[in-house]
Amino acid sequence: MAYEVPGLPYDYAALEPHIDETTMRVHHDKHHQAYVDKANAALEGTDWDGKPIEEVIANLGQVPDDIRGPVRNNGGGHYNHTLFWESMSPNGGGQPDGDLGAAIDSAFGSFGDFQAKLKETGVGQFGSGWAWLVHDGSGLAVVGTPNQDNPLTDGKTPLLGVDVWEHAYYLKYQNKRPDYIDAWWNVVDWGKVAERFAAV
Ligand code: MN3
């Protein structure tokens, strides 16, 4: 079955003022839709047609050469954005407690140190990409990826990602990517991140 853009679990304007409604409409309805359409077109008629997107992204090396590039970019775009929408909530913000909070303290020193590292990774990503909190098999780590690449392809499990493509923030924040990341913390759904962590 072809991929579809999942509906947002909240209203387009629900993340205001941190993420503006117009950005959410264009980002979700236009950008994500384009990734889905192009991923579907690339995979149609291949053995990978209908496979869960996680499986495709985790096994990119096995995808046929002639479609690997489009699948990497657009399949990655579909997976990354699906995770991104689910990682935000109008009731988000704050910081995680429980096992996830303890694991962040253990890996990075403190929640503030973790935030600084993720921000530095996102701000430092040249051009378009993502900054991620991942589980790398032994513990938590922060990594960056260019374009629509995803840590799954490197065998890591993404727990949280921030989209640092200009389309994610330019209408409201223009060139101020650091300000966008600062604001984005206010909508992070730590309950969702904790669920992913518990499942690793
Ligand atoms: Mn995006």
Side-chain angles (χ1 to χ4, degrees), residues 8-11 13-20 23-24 27-28 54 57 76 79-170 172-200:
L8 287 177
Y10 38 77
D11 188 77
L15 306 181
E16 293 267 10
H18 310 294
I19 310 290
D20 64 287
T23 293
M24 289 298 294
H27 199 179
H28 178 271
E54 295 83 353
I57 297 305
Y79 178 82
N80 292 348
H81 286 85
T82 300
L83 184 141
F84 186 59
W85 311 132
E86 291 174 351
S87 300
M88 299 188 288
S89 164
N91 304 312
Q95 63 185 78
D97 52 15
D99 290 346
L100 176 60
I104 285 176
D105 288 347
S106 169
F108 304 105
S110 70
F111 182 68
D113 289 330
F114 156 68
Q115 284 186 300
K117 184 157 191 180
L118 191 80
K119 180 179 177 181
E120 177 188 310
T121 301
V123 170
Q125 176 62 46
F126 183 76
S128 297
W130 293 73
W132 303 94
L133 172 67
V134 302
H135 195 290
D136 65 9
S138 57
L140 298 182
V142 166
V143 298
T145 58
N147 304 312
Q148 296 296 352
D149 287 357
N150 182 280
L152 274 178
T153 308
D154 300 322
K156 298 166 183 158
T157 304
L159 304 178
L160 175 67
V162 59
D163 186 346
V164 298
W165 284 58
E166 284 187 345
H167 68 225
Y169 62 87
Y170 206 85
K172 182 176 174 77
Y173 296 97
Q174 293 82 48
N175 60 314
K176 298 184 286 289
R177 189 186 287 185
D179 291 3
Y180 154 69
I181 296 176
D182 287 343
W184 172 78
W185 293 115
N186 292 298
V187 296
V188 172
D189 184 348
W190 287 108
K192 195 74 199 175
V193 182
E195 281 176 28
R196 294 187 188 120
F197 178 63
V200 174

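Being a predicted model, the structure only gives us computed values, none of them experimental.
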Subject >> From Gln115 atom CD to Glu120 atom CD, the distance as rounded to the nearest 0.5 Å >> reply: 13.5 Å

Subject >> His27 versus Ala168, closest heavy-atom pair with distance >> reply: CE1-CB, 3.7 Å

Subject >> Within residues 87-113 or reaching into it, pairs that qualify as salt bridge (Lys or Arg N to Asp or Glu O under 4.0 Å) - sequence neighbours excluded >> reply: none

Subject >> From Met24 atom CE to Trp85 atom CH2, the distance as rounded to the nearest 0.5 Å >> reply: 5.0 Å

Original post:
Any side-chain heavy-atom pair from Asp163 and Tyr180 closer than 4.5 angstrom?
Top reply: yes

Original post:
For the residue pair His167 and His81, does the interplanar ring angle fall in the parallel (under 30°), tilted (30 to 60°) or perpendicular (over 60°) class?
Top reply: tilted

Original post:
So, Thr121 side chain and Lys117 main chain: donor-acceptor pair closer than 3.5 Å or not?
Top reply: yes

**OP:** Please lay out, stage by stage, how Tyr170 and Trp165 fare under the test side chain to side chain contact (heavy atoms under 4.5 Å, CB included).
**Re:** CA-CA 9 Å; Tyr170 206 85; Trp165 284 58; over 6 Å; no

Original post:
Can you find a pair of side-chain heavy atoms, one from Pro90 and one from Val187, that are under 4.5 Å apart?
Top reply: no

**OP:** Output, in order, the C-alpha distance, side-chain angles, deciding distance and verdict of ring-ring contact (aromatic ring centres under 6.0 Å, His included) for Trp184 and Tyr169.
**Re:** CA-CA 10 Å; Trp184 172 78; Tyr169 62 87; over 10 Å; no

Subject >> Approximate separation, where rounding is to 0.5 Å, of Asp182 CG and Arg177 CZ >> reply: 13.0 Å

**OP:** Search all heavy atoms of Phe197 against all heavy atoms of His135 and return the closest pair with its distance.
**Re:** CE1-CD2, 4.0 Å

**OP:** Measure the shortest side-chain to side-chain distance between Phe108 and Leu118 over non-hydrogen atoms and say whether it is less than 4.5 angstrom.
**Re:** no

Subject >> Shortest non-hydrogen separation from Gly161 to Leu83 and the atoms involved >> reply: N-CD2, 3.9 Å

Which donor-acceptor pairs under 3.5 Å do side chains of residues 138-147 form with protein atoms, sequence neighbours excluded?
residue	atom	partner	partner atom	Å
Ser138	OG	Asp136	OD1	3.0
Thr145	OG1	Trp132	NE1	2.9
Thr145	OG1	Asp149	O	2.9

Subject >> Spacing of CG belonging to Asn80 relative to CH2 belonging to Trp130, to within rounding of 0.5 Å >> reply: 5.0 Å

**OP:** Please answer whether the main-chain N or O of Lys156 pairs with a side-chain N or O of Asp154 as donor and acceptor at a distance below 3.5 Å.
**Re:** no

Original post:
Which heavy-atom pair separates Thr23 from Ile19 by the least distance, and what is that distance?
Top reply: CG2-CG2, 4.5 Å

**OP:** Working to the nearest 0.5 Å, report the span between OG of Ser110 and CD1 of Ile104.
**Re:** 10.0 Å

Original post:
Side chain of Tyr173, backbone of Ile181: donor and acceptor closer than 3.5 Å?
Top reply: no

**OP:** Check whether any side-chain heavy atom of Tyr79 lies under 4.5 Å from a side-chain heavy atom of Glu54, and answer yes or no.
**Re:** yes

Subject >> Qualifying salt bridge (Lys or Arg N to Asp or Glu O under 4.0 Å) pairs with a residue from residues 188-200, counting only residues at least two apart or across chains >> reply: Glu86-Arg196, Lys192-Glu195

**OP:** Quick one: closest heavy-atom pair of Met88 and Tyr10, and the distance?
**Re:** O-CE2, 3.0 Å

Original post:
Rounded to the nearest 0.5 Å, how far does CG of Leu8 lie from NE2 of His28?
Top reply: 4.0 Å

Original post:
Which heavy atom of Leu160 sits nearest a heavy atom of Ser87, and at what distance?
Top reply: CD1-CB, 3.8 Å

Original post:
With a 4.5 Å limit on heavy-atom distance, are the side chains of Val193 and Pro96 in contact?
Top reply: no

